[in-house]
There are 2 protein chains.
Amino acid sequence: MAEKRLYQKIASQILKMIESGAYPPGTRLPGERELAETLGVSRVVVREAEISLEALGHVEIKVGSGVYVKRRDQQDHSRLPKVSAFELTQTRLLFESESAALAATEITPEQLAELERTIERMENSPQDSEEADEADRVFHLTIAKASGNRANYFIMENLWRMRVELPEVREMYAAVCVEDSYKRVDEHAAILNALKERNPDKARKAMRAHFSRLIENLLVASEQHAIEEARRRSHANREKYLKSALAS
Amino acid sequence: MAEKRLYQKIASQILKMIESGAYPPGTRLPGERELAETLGVSRVVVREAEISLEALGHVEIKVGSGVYVKRRDQQDHSRLPKVSAFELTQTRLLFESESAALAATEITPEQLAELERTIERMENSPQDSEEADEADRVFHLTIAKASGNRANYFIMENLWRMRVELPEVREMYAAVCVEDSYKRVDEHAAILNALKERNPDKARKAMRAHFSRLIENLLVASEQHAIEEARRRSHANREKYLKSALAS
DNA sequence: GTCCTTGAATTGGTAGGACAATTTGGTAAC
DNA sequence: GTTACCAAATTGTCCTACCAATTCAAGGAC
């Protein structure tokens, strides 16, 4: 929040409002004049802020209508590819396993403590809460950082973005996380243990096990999803059939 | 050029001027007032255009001084992290090895043929030519694509961007490639062979060998670089000494 | 019911001036 | 000759006020 130019301050304030949930995706945010008044700046500045937000892909300005919050999935869709939860998890398996093996020899005591904390946080928070997800995020990113390789960290950031920003992936993960978060804690603990021992091979295997189980659960979940889908369709067909039967 | 908003038209005009070479990187472009007059628009619009260009990373606005064209290498530095050639190569080693192992079971005959072609192209082009680099790029990206995982391909694209867009990395790679491109061809051929045999383990090892040698060469090159640097410094010191000796 | 007009609401753009940060050039002190 | 400092010129920043262009929905004509 140490922006020099006014329009940047306003832009980040608007962004905050959006991210706080005050203006869900697709909705229109207050008019130029109204915003200018409530924020105590001129209309020009508000326009500049909105222009910069548009350039960054957060909103869409429609002339004569208003400025609308972009939906998250079409936001910078240009930068993230469409991948399935399976693909992402496979990539994470191969990438994070090797990353963990590297981290085993490079990790610092502070980072080990950080990992310890995330596990505690995960234990003490509800299973599908945002806090648990945040702890999960910090856990995996910390390991990437602990590999002592900035390229690894960058890749990990991108993988995590796919995890949370791609709607399909997000849904799939949400579907499996509710039922297995206690296992997640155990597996994280096993990984941390291997890192504490500074055992690359063990760390690699622990990480592989973590993701192997995730993939299995994803398979189960997608099967259930497919079954449900089939049931829904047959139900729809039945409606259709009954309707035509009644019509005849 | 079908921009609706005026500021977008102006922004693309300014961008054109920059890219035409009228304002080389680092130079200051005309002031707000001057630009507004020559382009026949108001100062506000010029500023909006410059703000959007700043958001996209093309220029840098300095209050009270002017707006300056950003150098290309620090342009979207915001999106790519600063990593050394060593870090990048380490990440590529661990990532591409696993990626190749995956590709061994998934690769299609067409993709095998594509790889074959890149090796021929590399053989028939000068060692440090752009064409050889392009063949190199296609080789590695094709393998990522052949893993049948779009997330893998995306990661590989990012790794290659670092390879060519980060100046330090680019220089280091250029320094080692001139002397060992014939080995590169052999190693690519070995990898292709393993893929043809559909042998994941062999593919993984071949890729690891490829990058292991690259890292070794990078080490040698960085040593030489360090020696040269030391020589240059001592030379500079000598100049300085002679100067003060003459002055006294 | 459908189509068209109309007017309110909204963003887009202009003009010009006051202000703040930065650069620059000149002057004085050493 | 060099350095330090100060003031003017330059430049981006922000504001007010006004008008133009566009969108959208309500209400009337058919």
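Here is how names work: the chains are called A, B, and so on, in the same order as the sequence lines, proteins then strands, and each is numbered from 1. Atom set for the values below is all heavy atoms of this structure, side chains included, hydrogens, waters and symmetry mates excluded. A quick note: this is a predicted structure, and the numbers were derived from the prediction, not measured.
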In whole angstrom, give the distance that lies between atom [atom1] of [X] and atom [atom2] of [N].
X	N	atom1	atom2	value
B:Glu48	C:dG12	CD	P	8 Å
B:Glu60	D:dT11	CD	P	18 Å
B:Leu35	D:dT10	CG	P	17 Å
B:Leu53	D:dG12	CG	P	14 Å
A:Arg28	D:dT22	CZ	C1'	14 Å
A:Lys62	C:dG12	NZ	P	13 Å
A:Glu37	D:dA17	CD	C1'	15 Å
B:Ile51	C:dG13	CD1	C1'	15 Å

Salt-bridge criterion met for [X] and [Y] (N-O under 4.0 Å):
X	Y	result
B:Glu32	B:Arg47	yes
B:Glu165	B:Arg170	no
B:Asp133	B:Arg163	yes
A:Arg137	A:Glu134	yes

B:Arg33 side chain N/O closer than 4.0 Å to the phosphate oxygens (OP1, OP2) of D:dT10? no

Which nucleotide sits closest to the side chain of [X]: [options]?
X	options	result
A:Val41	C:dG13, D:dC15, D:dG12	D:dC15
B:Val44	C:dA15, D:dG12, D:dC14	C:dA15
B:Arg47	C:dT14, D:dT13, D:dT16	D:dT13
A:Glu32	D:dG12, D:dC15, C:dG12	C:dG12

For A:Arg28, give me all partners under side-chain hydrogen bond (donor to acceptor under 3.5 Å, both in side chains), at least two apart in sequence or on another chain. none

First encountered from the 5' end of DNA chain C, between B:Tyr7 and B:Arg43: B:Tyr7

